[in-house]
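Data first, discussion second: the structure below is written as C-alpha cells.
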Amino acid sequence: MRFPSLLTLSVLFLGATALPLNDADADALDAEIHELLKRETAEKSNCQFKSRHGPGPKPPLPPLPPTPPVTCDDFWLARIDHEGVAPYAPTAGYQVWRNVKDFGAVGDGIADDTAAINEAISSQGRCGPGCTGSTITPGLIYFPPGTYRVTAPIIDFYYTQLIGNPGCPPVIKADFNFVGRWVLDTNPYQDGGGLAWGATNVFWRQVAHFVFDLTDVAFDTEIAAIHWPSSQATSLSNVEFRLSEAPGTRHQGLFIEEGSGGYIGDLVFYGGNQAMIVGNQQFTFKNIAIYNARTAIEHFWSWGWTYIGISITNCSTGWDLTSNNGTFVNVGTITIIDSSITDTPIGIAYAWPNPNQPNVGNTLIVENLDLENVPVAIRGPFGTVLPGTTSTTTSLTIPAWGRGNSYDENSGPVFFQGTFTPPTRPSALTAPGGRYFTASKPYYEDQPLSAFLTAREFGAKGDGSTDDTRALNRLFEAAAKRRKIAYINAGMYRVTRTVFIPPGSRIFGDSSFPVILSSGRYFENPTRPQPVVQVGNRRGPGSEGRIQWSNTIVSTRGKQPGAILIEYNLATTHAGQYSGMWDVHTRIGGFAGSDLQLTQCPKTPETPITSANLDVDCVAAFMSMHITRNAANLYQENNWIWVADHDIEEPANNQQITVYAGRGLLVEDTRGPLWLVASSVEHHQLYEYQFYKASTIFAGQVQTETAYYQPNPDARLPFAPDARYHDPELLTPGDSGWGVRAVDTTDLFIYGAGLYSFFDNYDVNCSQVGTGTRCQQRILSLERSRATIYNLNTVGTENMMTIDGVDQASYLDNLNGFISSVALVETRDLVV
C-alpha cells in the first residue's frame, strides 16, 4: 500500500556445469560453453542486440544443441501441459491458463474479438472492478499469433498476466469506430470517478509480447493504447505501439497517471501526440525506442524516475517536464542515463515557474546522453539552458549535466546547474561502449517443448498443503543436470526444508507467479536461520556458475523467525558471464495461505508493544534476501521484496496489518558486480537495503518504505542485532529502521532512490506537507563508504542522510513538493 499519489494530493545463463557431472565431463562442458559464449559475444558485441521491436541489450542465449527452426505455432508456452492450480480459488475446476481462442477469439483481423477476450480475462469469478484485490484467482491469458480487432476496451483484472507469442507477437487492432479512451484498460475509472483499484495497490501483473495498432482510429481522436496506473511487481515488456503520425494527431501510446511502480522496458513507439504521458511516484524505464511522436515523453508528475537506454528519433520534444500549476512544478526528479536523442529540436524541457519556490523543483540528472541534430539540448522556463548541436557540430555527447542541490561528506546544500564530472564507471558494470550492462528477461522462445521439465512431472502438487520440498529439489537438480529449463506450474508450493537451486539452472515460473512457501519448525529458529531457497553453495562444489530465474514469489507461512527467503551464493569464473533474476519477488504476509492476515496479525497502534506482548506468531522471517560474501555477477530486475502492510484479499478491504521481518536485502558482495534495476524493499525491522563491505554495484531506481508500525515497536524489536549479519546497533529508543545502509562499501552507484517514511505508528500526519513533524529522524547511512547517489528523494524524514554518524541534509533545505530531493551525493574521498 502506498501513500496517495502526488496527483491526488496536488492536482546465462548456464555458465557452470551441473553438479552430478564428473570432473572430466565438467571441464569439457565448461570449455565448450565458454567457447560458444566467446563466439556469441563476438557476434553480438557482448549481448547488445536489436530487440524484437527496437534497440537494446539482451542476455546471452543458453548454449544448447542446435534445434530445428521454431515457427509461430511452436512457442513452448502454448504447447506445454498447463496443470497449474489456484488452491484457494472459490470455483471448482478453476482455470489459471486461458487461451483467448478457447473463448471464441478468432484473431483474423476481421471478427470483433472484444467480447471473447474480455470473457477469457473475467470468467470464473475473477477479481475485477468492484473487488478490492485478491491473489486467489490468478490468470495467465495467452494470445496466439494473429490480429485481434477490438471495438471497445479490453478490461484487465487483478493478478492477471497478458502474454503473447514473443517470436510472433499478436496484434491488438483498434477498430476505426472504437469507443473508449484506452484500448487496454488495466484499471478502469468507475462511476464515482475513482479507479477500480487504488493505483498504489495494483501488484503482480504483466503485459508482454504485443503490438497495439491504433492507426485505423481517426487521428484527431484522443485515445491511448494502454492505461497503466500500477505499482510494484508489475511490468510492460516487448510491446510495440503503432499510432497515427498525421499532423495534429491526438493518439497516445502509454498513459499512466498514478501509482508506485514499477518497471517498464523493451518498448517501441511509432507516432502519436505523446508516445508516453506519465505520472507516478517512481518508475524505472529501460530500453525504449520512440519514433515520430510530437512529444516523446510528457510527465504529469513524479517523485523519482530513472530512464536507462532511451532512444528518441524525429520528435518535436524529447522529455517534457514542464507540468505545473503556475506556482508549483509537478515533476520532482528525473534521472536519464545512457540514452540518445536524434533529429529532435528540443531534447529536454523543464519548468520553474515561480522564482520564490525552492530551486530543487524539476531536479534533473543527465549522464551519457548522445545528441544528433538536436539544436536545444536542455530548455528551461526562460529559454535555452544548454545548447545542443549546431550546423557544424551535428552530434555531441553530454557526459553529465544536472540541476539541484548537491552534498558531499563535508558540505551542502550547494545548488548547481550545469555540467559536472560523472563518476568513473567500473568496467565490470558496463557493456562494450561504456553503457551500463542490462539484460532482458528470457522467454526461451527459440527452444522446443522438449527443452522443458515441469514441476508436475516430478510430483509437485502446488496445492498449498502437500510438502513439495523433495519434488522441487528433484526438478531443479534434474533440469540442471540434463541442461533443461525447469518450469514451475501455477500453484502454491509448501516446503518444509531448503529448496536448492544448483548452478546451471534455468527456472521459468508460470507467469501467474507460482509461490514457494516455507512452513514448519525448520524455519523457526532465529539463532540458526535457514534459507527457504538457496542458490548455489557458499563454498566448494556448487559455489561457482550461473542461473536464470524468472516469475516466482518466495513466501512464508505463519511464524518463521528463522527463515531467510532467498540466499544467493554463486560466483562466475569467466569475464562477461552473469546470473539473472527477473520478476522474482518475496512476499511476507497479507495473502491467502500465509496465516499472516488481518485475522491473525491486526495492527494495534493503541497498545504499546514490548518484548512481553509482541505477537510472536506474526514474526514471519529473519531476512528476505541475502547475497553472500562470495557471490558475484548477479543481475536483478524488477524484484520486489515486501513485508505486507495490509491484507490483500478482498474481505479485508486492504486493512492494515502488523507482520514482522527482521532484515530486507543484505549484500556482502565483496567481489561484485551487482545490478539492481527497478528494485524495491519495504517494511522490514532493521533495514531495507544493507551493503556491507560490498563493491561495484549499480542500483536504480531503488525504493523503500519504513515499517508502518514503527516506532511501536521501534527498530530494536523483535530481533536483537546479530553480529553474524552485521546488523546496525540501534540503541536510541524510538529509532526506525534504515532505508539504505552502506558500510565499508566502494563503488556504489545509485541512479535514483526513493526512501519513504509515511507513518508514525500508523499515523500518517507525520508525512504531511506543512505539519512540521516527521515520521523518523534518519533513513540513509553511509559509513566509511564511497558512493555516488543521483536524485535522492525522501518522505517523512528529518535528516535525509547520515555520513559517518553525522546527520546531513535537512529535509527543510531540500523541499520539492511532497518530497525532499538532493540531486547529487558524492562521498568519493572516504577511505575504506
Side-chain angles (χ1 to χ4, degrees), residues 12-30 32-33 62-65 76 80-81 83 442 444 447 449-462 466-489 491 493-510 514-519 522-523 530-552 554 564-573 577 579-581 584 628 630-631 634:
L12 283 200
F13 151 75
L14 201 69
T17 60
L19 293 179
L21 298 177
N22 61 44
D23 289 344
D25 288 341
D27 290 342
L29 180 57
D30 197 69
E32 173 191 349
I33 292 171
L64 291 171
W76 64 269
I80 202 165
D81 289 336
E83 302 171 299
Y444 310 110
Q447 299 303 311
L449 181 61
S450 59
F452 293 82
L453 303 176
T454 73
R456 292 292 180 272
E457 292 177 62
F458 286 79
K461 301 296 184 183
T466 301
D467 185 348
D468 285 323
T469 312
R470 184 170 181 270
L472 289 181
N473 278 323
R474 289 177 59 238
L475 167 67
F476 297 151
E477 180 183 12
K481 180 179 180 179
R482 294 157 58 181
R483 303 172 69 192
K484 302 286 188 178
I485 301 164
Y487 177 71
I488 309 176
N489 310 77
Y493 296 83
R494 174 176 167 265
V495 298
T496 58
R497 293 289 189 274
T498 297
V499 173
F500 182 73
I501 296 177
S505 294
R506 289 174 295 171
I507 299 169
F508 193 90
D510 178 280
V515 177
I516 298 175
L517 180 77
S518 75
S519 174
Y522 184 72
F523 301 105
Q530 303 292 338
V532 180
V533 177
Q534 178 180 334
V535 182
N537 289 318
R538 286 201 171 193
R539 59 187 64 86
S543 63
E544 293 189 347
R546 294 180 289 165
I547 65 155
Q548 290 180 340
W549 183 13
S550 304
N551 299 341
T552 310
V554 182
I564 298 174
L565 277 74
I566 301 174
E567 178 182 284
Y568 185 89
N569 300 303
L570 287 178
T572 59
T573 56
Q577 295 183 349
S579 290
M581 293 171 60
V584 176
T628 62
N630 293 318
L634 173 61

Contact between [X] and [Y] at the side-chain level, heavy atoms closer than 4.5 Å - yes or no?
| X | Y | answer |
| --- | --- | --- |
| V533 | W549 | yes |
| Q447 | I485 | yes |
| F458 | N473 | no |
| I80 | L449 | yes |

Audit row: I547, I507, side chain to side chain contact (heavy atoms under 4.5 Å, CB included) steps and yes/no: CA-CA 8 Å; I547 65 155; I507 299 169; over 6 Å; no

Tell me the closest heavy-atom pair linking [X] and [Y], and the distance in Å.
| X | Y | value |
| --- | --- | --- |
| K461 | D468 | N-OD1, 2.9 Å |
| S579 | G545 | OG-O, 4.0 Å |
| P502 | E477 | CG-CA, 4.3 Å |
| N551 | P514 | O-CD, 3.3 Å |
| R494 | S519 | NE-OG, 3.3 Å |
| L634 | G580 | CD1-N, 4.5 Å |

Donor-acceptor pair between N569 and T628 side chains, under 3.5 angstrom: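 Yes - a donor-acceptor pair under 3.5 Å links their side chains.
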
Pair T469-D467, side-chain donor/acceptor within less than 3.5 Å: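 A donor-acceptor contact under 3.5 Å links the two side chains.
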
Worked verdict on I488 versus F476 for side chain to side chain contact (heavy atoms under 4.5 Å, CB included): CA-CA 10 Å; I488 309 176; F476 297 151; 4.0 Å; yes

Any donor-acceptor pair under 3.5 Å from R506 side chain to R483 backbone: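 Between the backbone of R483 and the side chain of R506 there is a qualifying donor-acceptor contact (under 3.5 Å).
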
Residue pair Y487, N489: steps toward the side chain to side chain contact (heavy atoms under 4.5 Å, CB included) verdict: CA-CA 6 Å; Y487 177 71; N489 310 77; 3.7 Å; yes

Separation of [Y] [atom2] from [X] [atom1] (nearest 0.5 Å):
| X | Y | atom1 | atom2 | value |
| --- | --- | --- | --- | --- |
| Q530 | R497 | CD | CZ | 9.0 Å |
| E83 | D510 | CD | CG | 11.5 Å |
| T496 | F523 | OG1 | CZ | 7.0 Å |
| I501 | I516 | CD1 | CD1 | 6.5 Å |

Salt bridge (charged side-chain N to carboxylate O under 4.0 Å, His left out) against R538, all qualifying residues, sequence neighbours excluded: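 Here the qualifying residues are E567.
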
Residues that S550 engages under side-chain hydrogen bond (donor to acceptor under 3.5 Å, both in side chains), provided they are two or more places apart: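 With neighbours one apart ignored, the set is empty.
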
Test side-chain hydrogen bond (donor to acceptor under 3.5 Å, both in side chains) applied to E457 - qualifying residues, sequence neighbours left out: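 E457 satisfies side-chain hydrogen bond (donor to acceptor under 3.5 Å, both in side chains) with T454 once adjacent residues are dropped.
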
Parallel, tilted or perpendicular, as decided by the 30° and 60° cut-offs, for the rings of F508 and W76: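 Judged by the thresholds at 30° and 60°, the geometry between W76 and F508 is perpendicular.
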
Mutual orientation of the aromatic rings belonging to Y444 and F452 [parallel < 30°, tilted 30-60°, perpendicular > 60°]: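 Rings of Y444 and F452: perpendicular, as their planes differ by over 60°.
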
Residue pair L453, R482: steps toward the side chain to side chain contact (heavy atoms under 4.5 Å, CB included) verdict: CA-CA 10 Å; L453 303 176; R482 294 157 58 181; 3.7 Å; yes

